[in-house]
*Asks:* 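Following this message is one structure expressed as structure tokens.
Naming: A, B, ... by sequence-line order, numbering from 1 per chain. The model shown is predicted, which means the values in this text are computed figures rather than measured ones.
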Protein chains: 2
Amino acid sequence: MRVGELAARTGVSVRALRYYEEQGLLTAGRSPGGQRHYARGAVDRVVLIQRLYAAGLSSRTIAELLPCVVDGRATPDLLRRLQTERDRLEGRIRDLLEVRDSLDGVIGAAAANERTGAPCERSTRVSP
Amino acid sequence: MRVGELAARTGVSVRALRYYEEQGLLTAGRSPGGQRHYARGAVDRVVLIQRLYAAGLSSRTIAELLPCVVDGRATPDLLRRLQTERDRLEGRIRDLLEVRDSLDGVIGAAAANERTGAPCERSTRVSP
DNA sequence: CTAGAACCTGACGTTGACGTCAGGTGCAAG
DNA sequence: CTTGCACCTGACGTCAACGTCAGGTTCTAG
């Protein structure tokens, strides 16, 4: 499959796919004319890359960890990096859960106020 | 308290605090000479801002929602925005949990391989 | 009163993950 | 064979959340 199809299948832009290749996250064969040609598994790989980005990892980190994520092998050094990233992720998740809960609190209070009729004026009160 | 102290208390740079003010996230009184002067509550507010950033909200979104997050009042419109952001956050959390679990899987497998002696060569296998 | 730390504004620099544009090439259909 | 869409490389643009630097002012300790 060529780059346009992979883009369509993954929902990622063509530009992004070339960027991933540039960063060493994704490889492609080439047609005689120089066009990229991807294997079927590339779709899953791109999806995985997207998820790792979403988890807050940088291209550099992903490039270092991805080979081992893919084939499940790691040097002791890489294993430590994996653990580090896992722990960082765990902390992020905890933070987000707290924010979610506090948003829930705010929403609950606002909904109650709405029922009792007490609208919010824009930027009326700011911290003194 | 002045900007340096607030920065020290929150662990946020002075530049960032001025940026928050520029974005309408934080307000400050001024001394006769023009220096910013913050109330005690500013520390909590800055911490809250940091957490909202960490949750993936933009300055613009935070600026819109913060007044209502602070005083618990919202127009129906803002209430919907709050719900939207809450749901977005929920989705993000689910994604991160999945990534964490898959990292756990990788770490488990890698640790097992390490015990059985099967190191990971750098970029040996890439998707064909 | 004076040194110097802390502060001010304004403006340009940085970084990551792409977007976008220019100018040229590959390739399948008719 | 030529039309035209998909693709190529290379290079500059963008955007957010600050960093950093210049040149000047304010505040506070001694």
*Asks:* Sequence neighbours left out, what passes salt bridge (charged side-chain N to carboxylate O under 4.0 Å, His left out) with B:Glu5? Give chain and number order.
*Replies:* B:Arg9
*Asks:* Please check if any side-chain donor atom of A:Tyr19 sits under 3.5 Å from a side-chain acceptor atom of A:Ser13, or the reverse.
*Replies:*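 Checked: A:Tyr19/A:Ser13 side chains show no N/O donor-acceptor pair below 3.5 Å.
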*Asks:* Given atom OH of B:Tyr38 and atom C1' of C:dC8, what is their separation to the nearest angstrom?
*Replies:* 12 Å
*Asks:* For a quick test of reading the model, state the closest non-hydrogen atom pair linking B:Leu65 to B:Glu85 and the distance between them.
*Replies:* CD1-CG, 3.8 Å
*Asks:* Please tabulate the protein-to-nucleotide N/O contacts below 3.5 Å involving nucleotides 10-17 of chain D, giving atom names and distances.
*Replies:*
unit_1 : atom_1 : unit_2  : atom_2 : d
D:dA17 : OP2    : B:Tyr19 : OH     : 3.4
D:dA17 : OP2    : B:Ser59 : N      : 3.4
D:dA17 : OP2    : B:Ser59 : OG     : 2.6

*Asks:* Check whether any side-chain heavy atom of B:Arg100 sits under 4.5 Å from a side-chain heavy atom of B:Leu97, and report yes or no.
*Replies:*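 Yes - at least one pair of side-chain heavy atoms lies under 4.5 Å apart.
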*Asks:* Say whether, by atom type as modelled, one donor and one acceptor occur between the side chain of B:Thr61 and the main chain of B:Leu57 under 3.5 angstrom.
*Replies:* no
*Asks:* Over how many whole Å does the gap from A:Leu17 atom CG to D:dA6 atom P extend?
*Replies:* 16 Å
*Asks:* Whether the B:Gln35 and B:Arg2 side chains hold a donor-acceptor pair (N or O, under 3.5 Å, no angle test) is what I'd like checked.
*Replies:*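 A pair is found: one side chain offers a donor N or O, the other an acceptor, under 3.5 Å apart.
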*Asks:* Would you say B:Arg36 places a side-chain N or O within less than 4.0 Å of OP1 or OP2 belonging to C:dC7?
*Replies:* no
*Asks:* Taking CZ from A:Arg30 and P from D:dC8, how many angstroms apart are they, rounded to a whole number?
*Replies:* 6 Å
*Asks:* Determine whether B:Val3 and B:His37 make a side-chain contact, defined as any pair of heavy atoms from C-beta on separated by less than 4.5 Å.
*Replies:*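 No, too far: nothing below the 4.5 Å cut-off.
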*Asks:* Spell out, as yes or no, whether a donor-acceptor pair under 3.5 Å connects the side chain of B:Arg45 to the backbone of B:Leu25.
*Replies:* yes
*Asks:* Can you give one letter per nucleotide of nucleotides 23-30 of chain C, 5' to 3': B if a protein heavy atom sits under 4.0 Å from the base, S if only from the sugar-phosphate, - if neither?
*Replies:* ---SS---
*Asks:* How many Å lie between NE2 on B:His37 and P on D:dT28, as a whole number?
*Replies:*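 Rounded to whole Å, this separation is 10 Å.
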*Asks:* Would you mind telling me which residue lines up with the more 5' stretch of DNA chain C, A:Ser13 or B:Val14, judged by nearest nucleotide?
*Replies:*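 On the 5' side of the pair lies B:Val14.
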